[in-house]
Visitor: 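Got a structure for you, questions after.
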Amino acid sequence: MLTPRPHTLVPGQGELLLDRHSAVAAPAALDGVLTWLQSALRPPTGLPLPRVATDATVTLALDADLDAEAYRLRVTPDRAVITGGGPAGVFWGCQALLQLLPPAVHRKAPGVGHRWAIPSMQVYDTPRFAWRGLMLDVARHFLPKHDVLRIVDLMAMHRLNTLHLHLTDDQGWRVEIRRHPRLTEVGAWRHESQVGAVSGGPADGRPHGGYYTQDDIREIVAYAAQRFVTVVPEIETPGHVQAALAAYPSLGVTGAPQQVWTRWGVNRNILNAEESTVDFFTGVLDEIMELFPSTYIGIGGDECPKDQWRDDPRTQQRMAALGLTREQQLHAWFVRRLGDHLAAAGRRPFGWDEILEGDLPPGATIASWRGSTGAVTAARRGFDVVSCPDDKVYLDYRQSELPTEPIPVSIPLGLRDVYAFDPVPPELTPDEARHVLGGQAAMWTEHADSPRTVDYLLFPRLCAVAETLWSPAGGEFDDFERRLTHHLARLDAFGVEYRHPSGPHPWQQRPGVPGRPATREQRAEHIARLVAAISTP
């Protein structure tokens with residue numbers, strides 16, 4: 001009943017029982033994984049599980065012939081051995097071991113009447129894609145640190161290994177930058193929030209805010225690394241920046257005082273193209289790189305209206321001085337400046353597929369969200385891609401046509417729709433497809449104002465995304481759904497308030513709060529207009 005579906009699984013005879021005599025063993029290179037396994041097993045089982053040198057009940061091992069994230073799990077009535085190509089592979093094998101125990105293993109204290117037996121079997125498993133991610137938007141609605149750590153644990157349970165953390169936007173700046181303290185003193189707070197998804201809708205009159213200190217970020221990054229999850233930060237530019245403009249109005253085109261934005265949607269206020277503004281953001285990125293060791297650093301680039309640049313005499317003079325004739329070229333120039341700064345520090349810029357509309361910085365990696373156009377274009381131009389098409393993996397979208405779905409946004413994305421996600425567009429050749437690093441789900445939080453709502457939107461759809469990214473291609477939805485029926489008991493034990501297969505519970509509904517539903521035809525027409533400026537080779 002493993003989820004994601006393993007590469008191969010051969011059942012055996014009998015079972016391995018964990019009891020007070022059970023012990024664990026591992027070489028020194030796996031100290032961290034062994035410590036994690038003990039910390040996962042001891043609270044729910046109440047077993048001491050000491051470390052021993054020989055004759056262990058559960059043994060962790062390394063095998064250089066395996067890929068770094070691959071593992072073998074062999075369980076007999078006498079012992080379990082988890083062997084990985086590297087510590088990450090061993091860790092994923094440990095996650096599989098937990099899924100072979102009763103669901104109560106995901107609880108934090110011992111229960112009554114549990115028998116900690118593992119069925120005999122042999123498993124070989126290896127991921128299909130290297131980038132298996134979740135984009136988490138903490139800018140629209142802030143998630144406290146402990147909730148982010150909880151999501152990291154849930155990602156690890158499902159073999160997801162990349163947390164793309166969307167830290168800044170018009171509605172809030174969520175990371176401490178010490179050289180620019182007003183970014184959080186002012187930019188982390190808004191005086192109210194829009195209710196619902198209708199343009200011009202009411203506001204709630206309730207202040208909202210929060211941010212992560214640099215120590216918080218270091219803790220999140222270290223906690224994730226212990227679980228072999230890489231945190232990729234994103235600092236939005238040159239659009240989606242009104243929280244920054246509220247803190248430092250001189251960064252804007254008009255220079256006029258701003259408030260942190262209280263509405264949803266695309267904001268026309270963007271950064272100016274002054275050298276001082278570029279310097280401001282390269283300084284921000286310097287602090288971000290100190291906090292996040294990730295190879296990839298997000299610089300946004302999406303949904304940047306250019307009418308302010310077009311109508312501003314100073315910007316037009318700046319463009320002429322730079323030898324630019326179109327505002328789109330200025331957008332590419334800005335992105336390129338930040339990308340060059342990251343490249344000089346040995347990092348790679350990570351941006352949304354809008355940056356394909358201009359010349360890309362060297363080593364750029366594309367998050368392709370507007371259908372598959374960005375993925376196809378980037379791969380054919382020789383750039384790496386992370387696929388996250390909105391019509392497959394935007395998990396803020398409504399989950400059915402039921403009228404009880406809370407704040408219904410865009411098209412319905414049911415579990416079967418999400419399970420059909422394949423990061424590799426079929427029109428790519430095998431050589432082009434090698435540029436597809438993998439994929440990720442997206443959890444935008446305009447309408448997810450609490451961790452409970454995030455749970456409802458993420459699960460169980462994130463389980464489907466995880467399987468499409470980890471397991472071999474060609475999975476059958478009926479088989480996944482059968483395994484998911486058992487897996488939901490694990491989510492219950494973990495405390496996840498997922499969407500029930502029959503629909504939302506009464507407390508998960510939002511009656512009277514309008515959404516913005518669309519048909520698939522309407523969404524396809526809208527996306528076609530958005531990607532018209534991308535020329536696909």
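The figures here come from the full heavy-atom set of this structure, side chains too, leaving out hydrogens, waters and symmetry mates.
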Visitor: Show your working on ring-ring contact (aromatic ring centres under 6.0 Å, His included) between Tyr498 and His487 and close with a plain yes or no.
Guide: CA-CA 12 Å; Tyr498 55 85; His487 189 70; 9.5 Å; no
Visitor: I want to check something: taking the side chain as every heavy atom from C-beta on, are Asp449 and Arg510 in contact at a cut-off of under 4.5 Å?
Guide: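 Touching, per the 4.5 Å side-chain cut-off.
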Visitor: Applying ring-ring contact (aromatic ring centres under 6.0 Å, His included), run through Tyr212 and Phe142 and close with a yes or a no.
Guide: CA-CA 9 Å; Tyr212 308 109; Phe142 178 69; 4.7 Å; yes
Visitor: Between Trp369 and Glu354, do the side chains contain an N or O donor and an N or O acceptor separated by less than 3.5 Å?
Guide: yes
Visitor: Given the rule in the side-chain contact (heavy atoms from CB on, under 4.5 Å) test, do Val148 and Leu163 qualify, once you have shown the distances and angles that lead to the verdict?
Guide: CA-CA 10 Å; Val148 176; Leu163 175 60; 4.2 Å; yes
Visitor: So, Arg150 and Asp455, do they make that salt bridge, N to O below 4.0 Å?
Guide: yes
Visitor: For Val465, run the side-chain contact (heavy atoms from CB on, under 4.5 Å) check against Leu458, Leu134, Val418 and tell me which one passes.
Guide: Val418
Visitor: Under 6.0 Å from the CZ atom of Arg206, do we count more than 12 heavy atoms belonging to anything else shown?
Guide: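 12 or below, so no.
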Visitor: Please answer whether the main-chain N or O of Asp353 pairs with a side-chain N or O of Ser368 as donor and acceptor at a distance below 3.5 Å.
Guide: no
Visitor: Report yes if the distance between the aromatic ring centroids of His158 and Trp470 is under 6.0 Å, otherwise no.
Guide: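 That pair fails the under 6.0 Å test.
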Visitor: Quiz question: by atom type and distance under 3.5 Å, do the side chains of Trp352 and Glu234 form a donor-acceptor pair?
Guide: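 Glu234 and Trp352 do have a side-chain donor-acceptor pair below 3.5 Å.
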Visitor: Examine distances only and state if a side-chain atom of Ser387 and a backbone atom of Pro423 form a donor-acceptor pair shorter than 3.5 Å.
Guide: yes
Visitor: One thing to verify: whether Arg452 and Glu497 come together as a salt bridge, which I'm taking to mean a side-chain N less than 4.0 angstrom from a carboxylate O.
Guide: yes
Visitor: For the residue pair His164 and Gln440, confirm or rule out a side-chain donor-acceptor distance under 3.5 Å.
Guide: yes
Visitor: Can you find a side-chain donor-acceptor pair between His240 and Asp169 that sits under 3.5 Å?
Guide: yes
Visitor: Looking at Tyr419, is Lys392 sitting on its ring face, NZ or CZ under 6.0 Å from the six-membered ring centre and within 45 degrees of the normal?
Guide: no
Visitor: Are the side chains of His106 and Pro44 in touch, meaning some heavy atoms are under 4.5 Å apart?
Guide: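 Heavy-atom side-chain distance check fails, nothing below 4.5 Å.
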Visitor: For atom CD of Gln214, decide whether the heavy atoms of other residues, nucleotides or ligands shown that lie under 6.0 angstrom number more than 12.
Guide: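 Enclosed.
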Visitor: Rounded to the nearest 0.5 Å, what's the gap from CD on Gln522 to CD1 on Ile527? Could you check?
Guide: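 Interatomic distance, Gln522 CD to Ile527 CD1, rounded to 0.5 Å: 13.0 Å.
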Visitor: Examine the side chains of Asp216 and Tyr211 and answer whether a donor and an acceptor come within less than 3.5 Å of each other.
Guide: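 No, because no side-chain N or O of Asp216 sits under 3.5 Å from a partner of the opposite role on Tyr211.
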Visitor: Flag the pair Leu154 / Phe459 as yes when at least one side-chain heavy-atom distance between them is below 4.5 Å, and no otherwise.
Guide: yes
Visitor: Where the side chain of Arg398 meets the backbone of Ser410, is there a donor-acceptor pair that is under 3.5 Å apart?
Guide: yes
Visitor: Flag the pair Glu446 and Arg516 as a salt bridge only when some basic side-chain nitrogen lies within less than 4.0 angstrom of an acidic carboxylate oxygen.
Guide: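 Salt bridge between Glu446 and Arg516, a charged N being under 4.0 Å from a carboxylate O: no.
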Visitor: Of all the heavy-atom pairs spanning Asn267 and Gln242, show the shortest one and how long it is.
Guide: ND2-OE1, 2.5 Å
Visitor: If you look only at pairs with a residue in residues 372-385, which of them pass as a salt bridge (Lys or Arg N to Asp or Glu O under 4.0 Å), with sequence neighbours excluded?
Guide: Arg348-Asp384, Arg380-Glu432
Visitor: Any salt bridge between Glu405 and Arg499, counting N to O under 4.0 Å?
Guide: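 Salt bridge present between Glu405 and Arg499.
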Visitor: Determine whether a donor-acceptor pair (N or O, by modelled atom type, separation under 3.5 Å) exists between the side chain of Arg132 and the backbone of Arg159.
Guide: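 Yes: the side chain of Arg132 pairs with the backbone of Arg159.
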Visitor: Step by step, would you call Phe350 with Trp131 a ring-ring contact (aromatic ring centres under 6.0 Å, His included)?
Guide: CA-CA 13 Å; Phe350 179 57; Trp131 187 302; 5.1 Å; yes
Visitor: Thinking salt bridges, do Arg482 and Asp479 make one under a 4.0 Å N-O criterion?
Guide: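 Looking at Arg482 and Asp479, the cut-off is met.
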Visitor: Examine Trp507 together with His500 and report whether their ring centres are nearer than 6.0 Å.
Guide: no
Visitor: Taking all non-hydrogen atoms of both residues into account, name the closest pair between Arg523 and Asp390 and its distance.
Guide: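 It is NE-OD2, 2.6 Å.
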Visitor: Given side chains that start at C-beta, do those of Pro349 and Leu338 come closer than 4.5 Å, heavy atoms only?
Guide: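 When only atoms from C-beta onward are counted, Leu338 and Pro349 do not touch, as no gap falls below 4.5 Å.
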Visitor: Run the numbers on Tyr248 and Trp173 for ring-ring contact (aromatic ring centres under 6.0 Å, His included), then give the verdict.
Guide: CA-CA 12 Å; Tyr248 297 97; Trp173 187 285; 9.1 Å; no
Visitor: Atom NZ in Lys145, atom CD in Glu219: separation rounded to 0.5 Å?
Guide: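 So the NZ of Lys145 and the CD of Glu219 are separated by 3.5 Å.
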Visitor: Is a side-chain donor-acceptor pair under 3.5 Å present for Glu69 with Trp92?
Guide: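 A pair is found: one side chain offers a donor N or O, the other an acceptor, under 3.5 Å apart.
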Visitor: Distance only, no hydrogens: is a donor on one side chain within 3.5 Å (strictly under) of an acceptor on the other, for Arg370 and Thr373?
Guide: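 There is no such pair (donor and acceptor under 3.5 Å, judged by atom type) between the side chains of Arg370 and Thr373.
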